[in-house]
Amino acid sequence: MNLDDWKSQIKRGTLEFCILLMIRRQPSYGYEIISTLEKYPILAAKENTIYPLLRRLLKEGWISSFWKESAEGLPPRKYYSLTDTGRAYLEAMSDEWDFLLAAIQEIKGVECDECPTE
């Protein structure tokens, strides 16, 4: 396995988490999510990755969607927001993420006074 393959695996494992974190802050539409992720090259993803993921998150009930009129005569946009069950799911994901980071820090030999322990 080369570094690009490894980075791709990391991306697949964290993309859902990152999208939920973004829409927790504020409802967002698909292209906005894609544009935000492009700011972070390791997380950048195309439409053919993001939209199926958003559909799956909708189907699982973690997010909901609504249409909102756009400014300047553009077509309406479909916005995504977290559901109550999505918030609970994201909270559980965040806890697991913190445990993972703490374990990695410990394995690397980095002391972390604020790292959680399971």
Side-chain angles (χ1 to χ4, degrees):
M1 179 184 300
N2 64 34
L3 186 59
D4 287 336
D5 292 339
W6 183 75
K7 287 176 9 182
S8 177
Q9 286 186 4
I10 289 173
K11 182 176 171 178
R12 274 192 297 263
T14 57
L15 204 48
E16 176 179 323
F17 182 49
C18 291
I19 288 171
L20 293 173
L21 286 169
M22 285 190 299
I23 64 175
R24 178 187 63 184
R25 287 189 200 149
Q26 67 182 30
S28 301
Y29 55 94
Y31 183 75
E32 183 177 28
I33 292 168
I34 292 167
S35 296
T36 300
L37 290 171
E38 285 178 350
K39 295 177 186 176
Y40 311 97
I42 196 161
L43 296 173
K46 302 288 182 199
E47 291 178 19
N48 62 348
T49 299
I50 298 302
Y51 288 108
L53 178 52
L54 289 169
R55 282 192 296 276
R56 184 176 59 77
L57 294 172
L58 277 166
K59 183 178 178 184
E60 292 177 2
W62 307 135
I63 65 174
S64 61
S65 65
F66 61 93
W67 290 93
K68 186 175 177 181
E69 291 297 322
S70 300
E72 303 171 17
L74 295 171
R77 291 182 172 142
K78 187 175 189 178
Y79 281 76
Y80 300 92
S81 61
L82 280 181
T83 61
D84 289 340
T85 55
R87 286 184 202 293
Y89 178 57
L90 180 57
E91 186 175 318
M93 288 176 82
S94 292
D95 290 344
E96 291 302 316
W97 184 259
D98 291 344
F99 291 136
L100 174 64
L101 290 181
I104 292 170
Q105 292 290 69
E106 188 174 319
I107 290 167
K108 285 175 63 178
V110 176
E111 287 193 33
C112 181
D113 296 331
E114 297 178 20
C115 292
T117 56
E118 218 168 345

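Values in this document were obtained by computation on a predicted structure and should not be read as measured data.
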### Query
G61 and T85: which non-hydrogen atoms are nearest, and at how many Å?
O-OG1, 3.0 Å
### Query
Between atom CG of L37 and atom CD of E32, what is the distance when rounded to the nearest 0.5 Å?
11.0 Å
### Query
So with a 6.0 Å cut-off around CD of E91, is the heavy-atom count from everything else above 12?
no
## Note on the structure
Of all heavy-atom pairs linking L15 and A45, the shortest is CD2-CB, 4.0 Å
### Query
Which atoms form the tightest heavy-atom contact between R77 and S70, and what is the distance?
CG-OG, 3.4 Å
### Message
Run the side chain to side chain contact (heavy atoms under 4.5 Å, CB included) test on Y89 and L82 for me, step by step, so that the C-alpha distance in whole Å, both residues' side-chain angles and the decisive distance to 0.1 Å come before the verdict.
### Response
CA-CA 10 Å; Y89 178 57; L82 280 181; over 6 Å; no
### Summary
dist S8:OG -> I42:CD1 (nearest 0.5 Å) comes out at 9.5 Å
### Message
Give me the atom names and distance for the closest heavy-atom approach of S28 to M22.
### Response
OG-O, 4.5 Å
### In one Ile/Leu/Val/Met/Phe/Trp/Tyr side-chain cluster, 4.5 Å: W67, I23
no
#### Entry: Rounded distance (nearest 0.5 Å) linking atom CH2 of W97 with atom OG1 of T14
5.5 Å
### Summary
Value for CD1 (I50) from CG (L57), rounded to nearest 0.5 Å, stands at 9.5 Å
### Query
Any link between Y40 and L101 through a network of hydrophobic side chains (Ile, Leu, Val, Met, Phe, Trp, Tyr) touching at under 4.5 Å?
yes
### Query
Looking at OH of Y79 and CD1 of I33, how far apart are the two atoms once the value is rounded to the nearest 0.5 Å?
10.5 Å
### Message
Can you tell me if Y31 has over 12 outside heavy atoms packed within less than 6.0 Å of its OH?
### Response
no
### Query
Between E16 and R56, is there a side-chain N and carboxylate O pair less than 4.0 Å apart?
yes
### Query
In this structure, which one of S64, S65, S81 forms a side chain to side chain contact (heavy atoms under 4.5 Å, CB included) with P27?
S81
### Message
Measuring from atom NZ of K46 to atom OH of Y51, what distance do you get when rounded to the nearest 0.5 angstrom?
### Response
13.0 Å
### Query
Would the number of heavy atoms belonging to other residues, nucleotides or ligands and lying under 6.0 Å from CG of D84 be above 12?
no
### Query
Can you tell me if T83 uses its side chain to pair, donor with acceptor, with the backbone of W62 under 3.5 Å?
yes
### Message
For a quick test of reading the model, state the closest non-hydrogen atom pair linking S94 to F17 and the distance between them.
### Response
OG-CE1, 3.6 Å
